[in-house]
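In what follows, every heavy atom counts, from backbone to side chain, and hydrogens, waters and symmetry copies are set aside. Keep in mind the model is a prediction, meaning the values are calculated, not measured.
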Amino acid sequence: YTRGVSGLIFIIKLTDQKEKFGGTNMKRRIALLIAMVMVAMLILPACGSKTDKDTLAVNVGPNPDTIDPALNSAVDGAVMIIHAFEGLMTLDEEGVPVPGQAERYEVSDDGKVYTFYLRDGLKWSDGEPLTAHDFVYSWNRAVSPETAADYEYMFDVIDGYEEKNLNVVAKDDKTLVVTLKNAVPYFLELTAFPTFSPVRKDIVEEHGDAWATKVDTYIGNGPYKLVEWVPSSHITMAQNENYWNVEALGPKKIKFVLMDDDVAILNAFKKGEIKLADSVPIDEIESLKGTPEFKVSPQLGTYYISFNCSKAPMDNPLVRKALTLAIDRNFIVNEITKSGQIPAGGFVARGLFDADPAQEFRIVGGDYYDVNDYEGNVEKAKQLLAEAGYPNGEGLPTIEYLYNEGTGHQAIAEALQDMYAKIGVKVTLASQEWSTFLNTRKNGDFQMARNGWICDYNDPISMLDMWITGGGNNDAQWSNPEYDALISKIKSTTDREERFKLMHEAEDLLFEEAVLAPIYFYVDEYLIDESIQDGFYVSPLGYKYFMYINMK
């Protein structure tokens, strides 16, 4: 019998081996032991009640691939990181950057130089002082080729990026000066992004990448600190007494329960073992709608298919275009996901502004195919296959579609398999657990794979600069010098109209070459217990904030 986090375990092993357990005395001992266990079962719930009250148990995903701020590129890992680390700025409930480790900042008249003034007495979770020099080290570590960070390209707005020697200077322990190549409208949002968090130089250099895998070396500067990590079970964080705003924190501990089976996650939520479930079984959504626990929030992102543009037969743009057109997006959102997702006619998500803030980038850019003309799209797909040399799919090798485990991903994969069969394309399905899947896709060991992208900040470039040649999040293994040049121009211009015009051209090029196949625009669906809704908030970027919850 087990109870609470104390991990007390009583084991009774009965055997008929008389030399071990024989005679009346032993039977009495067993009876006594059983009685003791029964008493303990009554006592332990009371003993564990305080721990349960002080500990908030949630599920945001399975075992994270990494929780190193520089190396992580997944939303579940980012949620854990923002509780253990904090950047110069952080995001409030409206998604607006507000002072974090920096108490205030100044911007030069030309918008190129930012001076951040750190708060007094900042410390790491082990009590060591934190200084501006830690940011200089951490940002340069993130762009170092040796680190191989997926997000290193996000620093390309800073002067010195090409030389991998960022123009980021600590004038003194409390003053950080950052010089940009040109004015960047979203730079403050970048400083709130997990990859821009500081990490401890002495620990990283002594332990290498392993520093982010052990409790005693995972030293952060955020509101919580790592106190326990049991792989495939849970990651527990406790309030960081050295955090500058520790008095404002809610839960004494946050327990990230690690699960990827959404049926098991739902059962754990129903039993009260977790207070938030970030994954909901597809076939349960209809019954959960209308309940006070089921929430759907806006999200700036797109669910899509990655084509491996370097691997046959996906190296043929005509095949990719055919596979893009053959998807019945309305069927997927109406019959499978059922939570208000919008069929995607482009890649850049709904909700992002255009040059005129009164208009949406997606509406201005329009759709690249008619999402409501499925039959017409199927006919075009067949024509493209024939043009590619595969009439009715004849001669086209069987294609494997890779996805990570989950009832929703599986249902969509099976639907895609049926849709592709209608144009003569044979598709086999393969699933992998989360961390394995992430690395398989990242390494290009696939033909087609499920993918999803949620904006890192509120600007369309967050969904476009990932496709540059060699980009850490360019799972398509696609390369186009014209596209690279467009992204470079976008990031160097300060003319708002020109900037958005170029971003539309960049998206046009993505669809001219059919680099990916969008399916729908995301919403964030999750279950949250009514008792913890006070102080909880979620960002359209996919982050969930538990640190200020009022534990009732």
Name all residues meeting the side-chain contact (heavy atoms from CB on, under 4.5 Å) criterion together with N242; count only those two or more places apart in sequence or in a different chain, and write none if there are none. K123, N240
Could you give the distance from OG (S279) to CD (E405), rounded to the nearest 0.5 Å? 11.5 Å
Exceeds 12 heavy-atom contacts within 6.0 angstrom, atom CD of E106: yes
Presence of salt bridge, K491 and D465, under 4.0 angstrom: yes
Given I305, which of L516, L402, L416 fulfils the side-chain contact (heavy atoms from CB on, under 4.5 Å) condition? L416
Are there over 12 heavy-atom neighbours, none belonging to Y161, within less than 6.0 Å of that residue's OH? yes
Residue pair T55, I254: steps toward the side-chain contact (heavy atoms from CB on, under 4.5 Å) verdict: CA-CA 6 Å; T55 301; I254 301 174; over 6 Å; no
Give, for atom CD1 of I67 and atom CG of L226, the distance between the pair rounded to the nearest 0.5 Å. 6.0 Å
Hey, does the side chain of Q239 reach the backbone of P251 with a donor-acceptor pair shorter than 3.5 angstrom? yes
Do R441 and F446 meet the cation-pi criteria used here (NZ or CZ under 6.0 Å from the six-membered ring centre, within 45° of the axis)? no
Less than 4.0 angstrom from a charged side-chain N to a carboxylate O is my criterion; do K164 and E152 meet it? yes
Does the distance from a Lys or Arg side-chain N to an Asp or Glu carboxylate O, for K442 and D150, drop under 4.0 Å? yes
Do L188 and L88 come close enough that some side-chain heavy atom pair is under 4.5 Å? no
If we only count heavy atoms from C-beta on, is the M154 to L190 side-chain gap below 4.5 Å? yes
Would you say the side-chain atoms of T440 and Q432 include a donor-acceptor pair closer than 3.5 Å? yes
Heavy-atom closest contact (A132 atom, D172 atom, distance): CB-O, 3.5 Å
Using the ring-ring contact (aromatic ring centres under 6.0 Å, His included) rule, collect all pairs that involve residues 191-218, keeping only residues at least two apart or in two chains. F85-Y218, W139-F196, Y151-F193, F155-F196, W211-Y218
Step by step, work out the side-chain contact (heavy atoms from CB on, under 4.5 Å) result for L527 and V280. CA-CA 8 Å; L527 292 167; V280 184; 4.2 Å; yes
Between T66 and D68: side-chain donor-acceptor atoms closer than 3.5 Å: no
Using a distance-only test with no angle check, is there a side-chain donor-acceptor pair under 3.5 angstrom linking S462 and D459? no
When you measure from the side chain of S287 to the backbone N and O of E284, does any donor-acceptor pair fall under 3.5 Å? yes
D92 and Y537: side chain donor to acceptor below 3.5 Å: no
Got more than 12 heavy atoms from elsewhere within 6.0 Å of NZ, K289? yes
Between D76 and W434, is the side-chain hydrogen bond (donor to acceptor under 3.5 Å, both in side chains) condition met? List the steps. CA-CA 11 Å; D76 58 329; W434 180 235; 3.2 Å; yes
Cationic tip of K544 above Y526 ring, under 6.0 Å, 45° of axis: yes
Within a strict 4.5 Å, meaning less than it, do heavy atoms of the F135 and T131 side chains meet? no
List for me each residue that meets salt bridge (Lys or Arg N to Asp or Glu O under 4.0 Å) alongside R450, sequence neighbours excluded, and say none if there are none. none
Going by distance alone, is a donor N or O of one side chain under 3.5 Å from an acceptor N or O of the other, for N72 and D65? no
Has E414 got a side-chain atom pairing as donor or acceptor with L429's backbone, closer than 3.5 angstrom? no
Check the pair F546, F536 against ring pair (Phe, Tyr, Trp, His ring centres under 6.0 Å), reporting the backbone distance first and the verdict last. CA-CA 6 Å; F546 303 108; F536 168 79; 5.6 Å; yes
Identify, with sequence neighbours excluded, every residue that meets side-chain hydrogen bond (donor to acceptor under 3.5 Å, both in side chains) alongside N334. none
No-hydrogen, no-angle side-chain donor-acceptor test under 3.5 Å, E93 and Y545: no
Test: R362 and E507 ion pair at under 4.0 Å: yes
Taking the side chain as C-beta and beyond, is there a heavy-atom pair between L249 and Y224 under 4.5 Å? yes
Please answer whether the main-chain N or O of A149 pairs with a side-chain N or O of T147 as donor and acceptor at a distance below 3.5 Å. no
Among side-chain atoms of N221 and Q101, is any donor-acceptor pair under 3.5 angstrom? yes
Under a 3.5 Å cutoff, is there a donor and acceptor pairing between the side chains of S297 and D524? no
With a 6.0 Å cut-off (strictly less than), is the heavy-atom count around CD of E146, excluding the residue itself, greater than 12? no
In this structure, are over 12 heavy atoms from other groups packed under 6.0 Å from Y105 atom OH? no
Criterion side-chain contact (heavy atoms from CB on, under 4.5 Å) on L180 and V113, from CA distance to verdict: CA-CA 6 Å; L180 308 181; V113 181; over 6 Å; no
Counting N and O atoms only, with roles assigned by atom type, does the side chain of R141 sit under 3.5 Å from a partner on the main chain of V204, one being a donor and the other an acceptor? no
Is any side-chain heavy atom of T175 closer than 4.5 Å to a side-chain heavy atom of T115? yes
Carefully, step by step, assess E360 and L352 under the rule side-chain contact (heavy atoms from CB on, under 4.5 Å). CA-CA 6 Å; E360 275 193 42; L352 293 165; over 6 Å; no
Is the ring pair Y303/Y522 parallel, tilted or perpendicular, if the boundaries are 30 and 60 degrees? perpendicular
Side-chain donor-acceptor pair present, E433, S435, cut-off under 3.5 Å: yes
For D262 and I265, indicate whether the former's side chain and the latter's backbone hold a donor-acceptor pair under 3.5 Å. no
For D134 and L130, indicate whether the former's side chain and the latter's backbone hold a donor-acceptor pair under 3.5 Å. no
Please work out whether the ring planes of Y304 and W467 are parallel, tilted or perpendicular, with thresholds of 30° and 60°. perpendicular
Is any side-chain N of the basic residue among E103 and K174 closer than 4.0 Å to the acidic one's carboxylate O? no
side-chain contact (heavy atoms from CB on, under 4.5 Å) involving Q341 - partner list, sequence neighbours excluded: V333, T337, S339, Y520, V523, E525
Could you tell me whether the side chain of M503 reaches within less than 4.5 Å of the side chain of I461, counting heavy atoms only? yes
Could you grab the distance from atom CG of N245 to atom CD of E86, nearest 0.5 Å is fine? 8.0 Å
Taking only residues at least two apart or on different chains, which pairs with a member in residues 227-282 satisfy ring-ring contact (aromatic ring centres under 6.0 Å, His included)? H83-F256
Close side-chain approach of R200 and D126, heavy atoms under 4.5 Å: yes
More than 12 heavy atoms of other residues, nucleotides or ligands under 6.0 Å from NZ of K295: yes or no? yes
Keeping the roles fixed (side chain from E293, backbone from D529), state whether a donor-acceptor pair exists under 3.5 Å. no
Are any non-hydrogen side-chain atoms of Q299 and I454 less than 4.5 angstrom apart? yes
